[in-house]
2 protein chains.
Amino acid sequence: MSLTLEQIAKLAGVSRSTVSRVINDQPNVRQEVRERVWRVIRETGYQPNLAARSLVTRRTGVIGLVIPRAVQSLFADPFFPQLIQGITQACNTHDYMLALFVLHTKEEEQKLYPRVMRARLLDGAIVAASEIGDPLVRHLIENRLPFVLVGRPDDPTGISFVQPDNVIGAYTAVSHLLRLGYRRIGTITGPLNTTVGLDRRQGYLDALRERHGVIDENLIVEGDFTEAGGHAAMLRLLPHRPEAVFAASDIMAFGALRALREAGLSVPDDVAVVGFDDLPAAASCDPPLTTVRQPIRRTGTQAAEVLIDILNNGPTPPRHITLSVELVIRSSCGVERKR
Amino acid sequence: MSLTLEQIAKLAGVSRSTVSRVINDQPNVRQEVRERVWRVIRETGYQPNLAARSLVTRRTGVIGLVIPRAVQSLFADPFFPQLIQGITQACNTHDYMLALFVLHTKEEEQKLYPRVMRARLLDGAIVAASEIGDPLVRHLIENRLPFVLVGRPDDPTGISFVQPDNVIGAYTAVSHLLRLGYRRIGTITGPLNTTVGLDRRQGYLDALRERHGVIDENLIVEGDFTEAGGHAAMLRLLPHRPEAVFAASDIMAFGALRALREAGLSVPDDVAVVGFDDLPAAASCDPPLTTVRQPIRRTGTQAAEVLIDILNNGPTPPRHITLSVELVIRSSCGVERKR
DNA sequence: CCAGTTTTTGGGAGCGCTCTCAAAGTCATT
DNA sequence: AATGACTTTGAGAGCGCTCCCAAAAACTGG
């Protein structure tokens, strides 16, 4: 059915070994022979059998993207698609395949971990959105599977990761609000069992401490990175009369906008809103959302490239990459009015 | 480093063959032996090497999800995440792995096709959102790779696919508008080089012909399933004074809503809007969008299950599955006002 | 033109598994 | 106790590739 090395060898009038050398671009093959072999390969459409190859090389050319269960909701916003785009881009460039593991339940998690890690069919993994204390990272280390995290882990010792600059991003957003004259600034945080949630809250606190000095605990409400969560959080914030709100994600900002609209309040006249992510929808919502742009696709590409580099060139000192972010000023922060 | 069958055999005091039989749940092993072997496997955490296995079985346990390049934009809306969720769910249940192929450029397409199909590392494929005349389907057939399409192909002969009922969905949406008394009903279609785009337009035409009889070509504008495309299409529609608009996707409906808002028109008072998909955001936009709900996750699950069934039980007559859709009435169609 | 050196080539082993087939073991029946 | 039928077990081959090593071929310089 499918061609083998041996058959190509026969067709080209050389040995199996020579064909193998040609395919793997190894030296010590006469130019003329090399060309002849390539011609046969091209004409027959031969592709080496990857199972056979990886049986001997102990490498599969497959990397996994693992998305633990807790983030079902996250998966409903365009963050993951963009991340995946970035990752697949890098995979395509470097001839790796991407396997996707979306874990819906705890049982699946239990079942998948051993299978994936010990069956040796992944060369490495990218882990997105794990929570603090997630045992996944420990398992990966125990099984010696190279991996890169998207998002800072709780304890980064010996671990490579790629993340946006969450602290600075939040700091910039809140500083902007302070500069516009708002004082009672609330925040809808991300889940505080994630480092993203923690870091963006930290940026909020930093800005407030530095430029204003007063923290009102009533103005800090925990959200969950969903639209409904943002909506609920805004409702809890409203009684405390915030002049402005920093939402730790655009999706939550959309929920907040809806809550404000339903309460008959105008944005930014009654309450200013700033988000984080700069999703495509941020530009087209009403009013257009001022937000912190993070390079999601590039995060994915970088994570994949760090991993692939480790796979191709052996272990390196762990790399901690923080990508810079940028405040995109639209109208939801009330920039026109206040200036 | 990693354990092999032979080592497990030695530990359990049996032969390689017996361990293999136990692992693959084959008959003709004494109960007592079977248990002893399982205990050793559990204690050692042994997992069979998949490369070695698939070298002899000619199966990898991997299915691919292929997303051709044209749909970059689509990937920015939650359709694909939901589809992927459905697919991974089925994969997890049936012990298959999912490999993701997102093709960004034509070159990647050229490069990937042979590699993926001939290297035999996919048992089968799910193809999403291919255009009419896409050579991918032809390649799949030529390479005898079992596959299932998400969305009806142009010529369904011999091809299995899963799709929502696009024609009926559009028909229902437009009939609803007609029943509410609107007469000048426009539509923003999907790309007309896709069957989805064609079918939803067909439903629009069917409803109009049946209940109204008059088709105004000026009220039919082609969109591209993006927010910006919906916005642009609405701008082209406005001069022809539609009373209502059926957008072939929610994302385009959002663009249309924005165009109307910017034009100072009220929805639904000046123009009613109906979408298609029922994305999460449809419930929370302003005004909440009346739309056709399609079971995206279930589409993914079904597609994966049809494929896996073919892989596990051999070829079957091609299956054509059309999932029913449901009109979700919110306020953007002006239901309260007209009743 | 030959010994010595370097480049090119081919054959064999083996990666870890499944599968076939024959040998060994078990059981019932005469 | 011996025969036949069936169940259980193990040894061997082979899947298609890479890698090692030895053989062959092609170059050197004297």
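Letters A, B, ... are given to chains in the order of the sequence lines, protein chains preceding strands, and every chain is numbered from 1.
- When DNA chain D is scanned in the 5' to 3' direction for atoms under 4.0 Å from non-hydrogen atoms of chain A, the outermost contacting nucleotides are D/dG16 to D/dC19.
- Listed by first and then second residue, the side-chain hydrogen bond (donor to acceptor under 3.5 Å, both in side chains) pairs that reach into residues 33-47 of chain B are B/Q31-B/E35, sequence neighbours excluded.
- If B/S15 and B/L55 are placed on DNA chain D by their nearest nucleotide, the residue sitting closer to the 5' end is B/S15.
- Using a 4.0 Å heavy-atom cutoff across all strands shown, B/T18 reaches sugar-phosphate atoms only and no base atom.
- For A/T194, there are no side chain to side chain donor-acceptor pair (under 3.5 Å) partners at least two apart in sequence or on another chain.
- Listed in residue order, the members of residues 38-53 of chain B having a heavy atom less than 4.0 Å from DNA chain C are B/Y46, B/P48, B/N49, B/A52, B/R53.
- For A/F161, the ring-ring contact (aromatic ring centres under 6.0 Å, His included) partners at least two apart in sequence or on another chain are A/H320.
- Sorted by residue number, the members of residues 19-29 of chain B with any non-hydrogen atom under 4.0 Å from DNA chain C read B/S20, B/N24, B/Q26.
- One can place CD of A/E32 at 15 Å from C1' of C/dT7, the figure rounded to the nearest angstrom.
- When the C1' atoms of four end pairs are superposed on the next four at each end of the helix from C/dC1-D/dG30 to C/dT30-D/dA1, using five pairs per end, the two resulting axes differ in direction by 40°, to 10°.
- Pairs engaging residues 112-140 of chain B under the ring pair (Phe, Tyr, Trp, His ring centres under 6.0 Å) rule: B/Y113-B/H139 [sequence neighbours left out].
- Using a cut-off of 4.0 Å between Lys/Arg side-chain N and Asp/Glu carboxylate O, B/E142 and B/R138 are scored as salt-bridged.
- Here B/Q302 pairs with B/V162, B/R298, B/I321, B/L323 under the side chain to side chain contact (heavy atoms under 4.5 Å, CB included) rule; sequence neighbours left out.
- Here B/K10 pairs with nothing under the salt bridge (charged side-chain N to carboxylate O under 4.0 Å, His left out) rule; sequence neighbours left out.
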(request) Give the B/S/- string for nucleotides 22-28 of chain C, one per nucleotide from 5' to 3', where a protein heavy atom under 4.0 Å of the base yields B, of only the sugar-phosphate yields S, and otherwise -. (result) -------
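- With sequence neighbours excluded, the residues forming a side chain to side chain contact (heavy atoms under 4.5 Å, CB included) with A/T157 are A/D155, listed by chain and number.
- B/N143 places no side-chain N or O within 3.5 Å of a backbone atom of B/M117 that could act as its donor or acceptor partner.
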